[in-house]
**Student:** 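Below is the structure I would like to discuss, written out as structure tokens.
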Amino acid sequence: MPELPEVESIRQGVAEWVTGRQIGSVTVMHPRAIRRHPAGPDDFARRLIGATVTGTRRRGKYLWFPLDTDDALLCHLGMSGQLLIKAPEDPDGPHLRIRLSLDDPDHELRFVDQRTFGEMLVSADGAEAPDEIRHIAPDVFDPGFDPAAFTTALRMRRSHLKRALLDQSLISGIGNIYADETLWRTRIHGGHPTHTLTVELVSELLANLRDVFTEALAAGGTSFDELYVRANGESGYFDRSLAVYGKQGQPCPRCSTPIVREKFTNRSSFYCPQCQPVA
DNA sequence: GTTGAGTCCTGAAAGC
DNA sequence: TGCTTTCAGGACTCAA
């Protein structure tokens with residue numbers, strides 16, 4: 001499940017292979033992969049063919065490839081999306097959704113997505129900042145991220161903390177795994193009312209979030225199965241460092257109390273009932 | 001503004 | 001063994 005560290009690992013992995021490369025051909029194997037490109041696969045391909053990729057950028061879980069046409073190829077990996085650099089002669093595999101050939105005879109870019117929650121689209125004039133993600137807030141590593149503004153916005157919410165952390169219009173890049181890990185490090189329950197949070201606690205939360213992301217990025221991301229791999233096909237190994245996510249019944253690394261799993265906003269949440277008492 | 005439910009989808013795992 | 005059901009997740013929509 002790609003969250004910020006996984007998406008950033010993938011961005012770094014594909015950058016050297018696509019930057020400066022001209023797109024040769026585009027094949028859309030599954031229409032759902034471009035469902036937010038309403039003009040259809042022919043238009044999708046027409047806008048890409050002949051364009052040169054000028055870089056790779058990311059905001060939260062979205063990444064995009066600015067093009068020399070001022071358009072951008074925007075991508076969200078959803079639950080199971082992968083961007084892979086492959087040799088053209090490598091077998092397609094059953095979940096190949098989009099293939100982009102480059103002016104590099106030995107490599108091509110493939111969008112592979114088992115569960116088809118991921119998508120690509122061409123954003124018109126989106127090279128600098130695609131319109132389609134203008135509602136996505138900066139992530140914690142974005143130079144435009146304002147901790148004071150985030151703290152104010154969070155405390156003005158009448159919601160629960162975990163739900164707010166997963167709201168990409170408030171802060172981006174956080175998914176279920178890193179939300180649970182950050183909450184555990186901050187010793188706070190996801191159901192904590194946002195309007196009762198102190199400034200100091202939000203500051204501690206953000207510091208822990210940065211730490212979790214930084215450590216995960218250094219590990220190449222979290223891989224539970226083959227659904228997340230880096231551009232070179234290798235798995236990340238941060239799952240070995242997870243304290244609570246997926247650890248129900250196992251001892252809390254801090255106090256040895258068994259980790260609890262419960263449904264929260266239609267998602268599984270994992271927490272230590274001793275370290276993170278219900279608010 | 002916020003919540004909760006529903007939708008999309010696939011494949012593994014569990015249940016029968 | 002084979003079929004059916006459940007589950008996992010992110011983004012989005014919609015009714016309340």
Side-chain angles (χ1 to χ4, degrees), chain A residues 1-8 10 28-38 58-64 74-83 92-98 111-121 123 130-137 139 150 152-183 190-197 213 216 221-229 235-236 238-239 242 244-249 259 261-270 279:
Chain A
M1 308 120 200
E3 302 181 30
L4 186 151
E6 290 77 32
V7 177
E8 177 60 18
I10 288 167
V28 178
M29 328 283 279
H30 195 305
R32 196 173 138 76
I34 57 159
R35 60 191 177 280
R36 284 177 69 195
H37 188 92
R58 182 190 56 74
R59 177 184 291 176
K61 304 174 198 175
Y62 283 89
L63 61 85
W64 71 95
L74 179 64
C75 180
H76 192 290
L77 300 172
M79 287 286 300
S80 55
Q82 303 170 358
L83 285 177
D92 285 357
H95 305 122
L96 175 61
R97 307 305 185 197
I98 297 174
F111 178 55
V112 175
D113 188 13
Q114 180 196 95
R115 294 181 187 168
T116 69
F117 278 31
E119 58 185 339
M120 280 184 158
L121 61 90
S123 176
D131 263 1
E132 291 81 0
I133 60 167
R134 63 178 178 273
H135 64 292
I136 302 296
D139 60 67
F150 168 74
T152 301
L154 180 65
R155 297 175 72 216
M156 285 180 67
R157 289 268 171 124
R158 292 275 170 176
S159 186
H160 295 122
L161 178 54
K162 181 168 179 181
R163 186 176 179 115
L165 291 177
L166 296 175
D167 184 345
Q168 306 297 303
S169 68
L170 186 64
I171 184 170
S172 66
I174 309 173
N176 208 33
I177 297 174
Y178 296 110
D180 280 358
E181 292 299 309
T182 301
L183 291 166
H192 196 98
T194 47
H195 68 280
T196 65
L197 293 165
F213 277 167
T222 299
S223 302
F224 284 107
D225 48 36
E226 72 284 359
L227 291 185
Y228 164 68
V229 293
S235 296
F238 187 70
D239 54 308
L242 294 174
V244 288
Y245 189 86
K247 307 286 187 182
Q248 71 273 22
I259 298 299
R261 171 186 180 174
E262 68 178 18
K263 280 280 184 184
F264 183 75
T265 66
N266 260 352
R267 295 283 177 266
S268 289
S269 285
F270 301 87

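By convention in this document, chain letters (A, B, ...) are assigned in the order of the sequence lines, proteins followed by strands, and residues within each chain are numbered from 1. Computation of the quantities below employed the complete heavy-atom set of this structure, encompassing side-chain atoms and omitting hydrogens, waters and symmetry-equivalent molecules.
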**Student:** If a protein heavy atom is under 4.0 Å from the base, mark B; if only from the sugar-phosphate, S; if neither, -; do that for nucleotides 11-16 of chain C going 5' to 3'.
**Tutor:** BS----

**Student:** Can we say A:K162 and A:D180 salt-bridge, meaning some charged N sits less than 4.0 Å from an Asp/Glu carboxylate O?
**Tutor:**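 A:D180 and A:K162: salt-bridged.
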
**Student:** Taking atom P of B:dT2 as reference, at what distance in whole Å does atom CG of A:L154 sit?
**Tutor:**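 Checked: the CG to P distance equals 11 Å.
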
**Student:** Working to the nearest 0.5 Å, report the span between CD of A:E6 and CZ of A:F213.
**Tutor:**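 It comes to 8.5 Å.
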
**Student:** Is any side-chain nitrogen or oxygen of A:S80 closer than 4.0 Å to OP1 or OP2 of B:dT10?
**Tutor:**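 Looking at the OP1 and OP2 atoms of B:dT10, neither is under 4.0 Å from any side-chain N or O of A:S80.
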
**Student:** Side chain of A:T116 only, please: which of B:dC9, B:dT10, B:dG4 is the nearest?
**Tutor:**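 The nucleotide sitting nearest to the side chain is B:dC9.
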
**Student:** Rounded off to whole Å, could you give me the CG-to-C1' distance for the A:D180 and C:dG9 pair?
**Tutor:**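 From A:D180 CG to C:dG9 C1': 13 Å.
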
**Student:** Among B:dT3, C:dG10, B:dG11, which is the nearest nucleotide to the side chain of A:H95?
**Tutor:** B:dG11

**Student:** Rounded to the Å, how far apart are A:Y178 OH and C:dG9 P?
**Tutor:** 14 Å

**Student:** Distance check needed: B:dG1 P versus A:R158 CZ, whole Å only.
**Tutor:**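 It works out to 14 Å between those atoms.
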
**Student:** Once you round it to whole Å, what is the distance between P of B:dC8 and CD1 of A:I34?
**Tutor:**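 That distance rounds to 19 Å.
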
**Student:** Hey, could you give me the CH2/CZ distance between A:W64 and A:R59, rounded to the nearest 0.5 Å?
**Tutor:**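 Here the interatomic distance stands at 5.5 Å.
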
**Student:** Measure CZ/A:R163 against C1'/B:dG1 and give the value in whole Å, please.
**Tutor:** 11 Å

**Student:** Taking atom C1' of C:dT6 as reference, at what distance in whole Å does atom CZ of A:R115 sit?
**Tutor:**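 Nearest whole value for this atom pair: 13 Å.
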
**Student:** Heavy atoms from C-beta onward define the side chain here; which of B:dG4, B:dG11, C:dG9 lies closest to that of A:Q114?
**Tutor:** B:dG11

**Student:** For A:R32, is there an ion pair with A:D113 - N to carboxylate O distance below 4.0 angstrom?
**Tutor:**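 Judged by the 4.0 Å cut-off on N to carboxylate O distance, A:D113 and A:R32 do not form a salt bridge.
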
**Student:** Do A:H37 and A:M120 have side chains that approach each other closer than 4.5 Å (heavy atoms only, starting at C-beta)?
**Tutor:**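 No. Closest side-chain heavy atoms not under 4.5 Å.
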
**Student:** Tell me which nucleotide among C:dG9, B:dT10, B:dC8 gets nearest to the side chain of A:S268.
**Tutor:** C:dG9

**Student:** Let me know the distance between CZ of A:F117 and P of B:dC8, rounded to the nearest Å.
**Tutor:**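 Nearest whole value for this atom pair: 10 Å.
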
**Student:** Any side-chain N or O of A:Y245 less than 4.0 Å from the OP1 or OP2 oxygen of C:dG9?
**Tutor:** yes

**Student:** Please report the interatomic distance NE2(A:H76) to CD(A:E132), rounded to the nearest 0.5 Å.
**Tutor:** 13.5 Å

**Student:** Any chance you could measure A:L96, atom CG, to A:M29, atom CE, to the nearest 0.5 Å?
**Tutor:** 4.5 Å

